[in-house]
Structures are given as structure tokens and as C-alpha cells.
Amino acid sequence: MLISVLLLIICFILFRYSVAWIEYYNKIDERMPKSIWRYTSDYPVIGDRDVSDLDDKPFVRQRRKRNTVVTIMYFIVILAFIFINYIVANFLELIIK
């Protein structure tokens, strides 16, 4: 159970680190969304023209990096959820015994 708590703390630190990177990418360009949970529109949106690699290469590269960090952040959140479930299961096992 102690190992699970340590892994959960590591997940929290990694989560804060990935959020800091997302906020950094959001501040680089004004066209980036301000939300840390949403992906940028890398896909065609009705009524919104997508910026392609030919139009603005540096922005598209930054957008893809940001989307990669958002994916990593989601992975960390799911991993932390698994660790929390494991901690609760061990805690309930201690109570039942």
C-alpha cells in the first residue's frame, strides 16, 4: 500500500509537470486554446478553417507538441485513477480483516 501511495504521489508530480508544459504552450501563441483539457482543432471543424502545415509550420508544430502533452496528461490521470482504486481496495481489505 505504501508503494501505491508513492506511485500516486509520483503521478501527481508528473501531472503538475505536464500541466505546466500545456500552460507554457498556451502562452506561446494566442491561437492556442486556454483550456488544459481540450485538444486543439487538428481536425476539420465546421465553420473554422484549420491551419495546415503549409500555412504556418511553426504554429502547427507547436500545436502537435501541445496535443502530445495533453495525451500524456490524460494517460497520467488514468494511471492515477488505477492507483487510487488499488489503494482503496487495499484499505478496504485492511478494514475487513
Side-chain angles (χ1 to χ4, degrees):
M1 191 161 138
L2 182 63
I3 294 173
S4 300
V5 172
L6 290 175
L7 289 173
L8 190 60
I9 291 170
I10 290 171
C11 279
F12 176 74
I13 293 168
L14 290 174
F15 173 77
R16 293 301 304 160
Y17 185 70
S18 63
V19 167
W21 271 106
I22 293 170
E23 289 173 351
Y24 168 74
Y25 284 127
N26 286 349
K27 291 177 185 175
I28 288 178
D29 198 329
E30 290 298 320
R31 295 175 284 182
M32 294 283 189
K34 298 304 173 203
S35 172
I36 62 169
W37 297 98
R38 290 185 51 203
Y39 287 100
T40 55
S41 55
D42 232 354
Y43 49 88
V45 179
I46 297 174
D48 188 17
R49 184 179 175 280
D50 190 29
V51 179
S52 70
D53 209 19
L54 298 174
D55 296 334
D56 192 0
K57 188 173 274 198
F59 172 70
V60 172
R61 303 292 175 176
Q62 294 289 24
R63 182 175 67 184
R64 289 180 182 162
K65 287 178 188 176
R66 182 192 179 278
N67 286 345
T68 302
V69 175
V70 170
T71 302
I72 292 170
M73 182 196 63
Y74 278 126
F75 175 74
I76 292 168
V77 167
I78 291 171
L79 195 62
F81 178 73
I82 292 170
F83 290 145
I84 286 174
N85 283 336
Y86 187 71
I87 290 170
V88 169
N90 283 340
F91 185 69
L92 290 175
E93 186 177 323
L94 285 173
I95 290 174
I96 292 174
K97 284 185 177 183

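The first residue in the sequence is number 1, and the count goes up from there.
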Donor-acceptor pairs under 3.5 Å, side chain of residues 3-25 to any protein atom, not counting sequence neighbours: which ones?
unit_1: Y17; atom_1: OH; unit_2: W21; atom_2: NE1; d: 3.1
unit_1: S18; atom_1: OG; unit_2: L14; atom_2: O; d: 3.3
unit_1: S18; atom_1: OG; unit_2: F15; atom_2: O; d: 2.8

Next item on the list: Compare every heavy atom of M32 with every heavy atom of R66, then report the nearest pair and how far apart it is.
Entry: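 Answer, listing the atom of R66 first, then M32: CD-SD, 3.6 Å.
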Checklist line | Shortest non-hydrogen contact between K34 and D29, atoms and distance | finding: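 Where K34 meets D29 most closely, the heavy atoms are NZ-O, 4.2 Å.
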Within [range] or reaching into it, pairs that qualify as salt bridge (charged side-chain N to carboxylate O under 4.0 Å, His left out) - sequence neighbours excluded:
range          : answer
residues 74-86 : none
residues 74-83 : none
residues 76-87 : none
residues 86-97 : E93-K97

Notebook entry, point to check: Is it the case that one hydrophobic cluster holds both M1 and I95, taking links as side-chain heavy atoms less than 4.5 Å apart, direct or via other members?
Noted result: yes
Margin query: Test of understanding: clusters of I, L, V, M, F, W, Y form through side-chain heavy atoms closer than 4.5 Å, transitively. Do L92 and I87 belong to the same one?
Written below: yes
Note to self: Please enumerate all residues that pass salt bridge (charged side-chain N to carboxylate O under 4.0 Å, His left out) together with K27, with sequence neighbours excluded.
What the structure shows: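 Counting only residues at least two positions away or on another chain, K27 forms no salt bridge (charged side-chain N to carboxylate O under 4.0 Å, His left out).
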Donor-acceptor contacts under 3.5 Å from residues 74-82 side chains, at least two apart:
unit_1: Y74; atom_1: OH; unit_2: W37; atom_2: O; d: 2.3

Next item on the list: For S35, enumerate each residue passing the side chain to side chain donor-acceptor pair (under 3.5 Å) test, keeping only those at least two apart in sequence or located in another chain.
Entry: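 Listed in chain order: nothing, the list is empty.
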Notebook entry, point to check: Partners of N90 by side chain to side chain donor-acceptor pair (under 3.5 Å), sequence neighbours excluded?
Noted result: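 Applying side chain to side chain donor-acceptor pair (under 3.5 Å) to N90 gives none.
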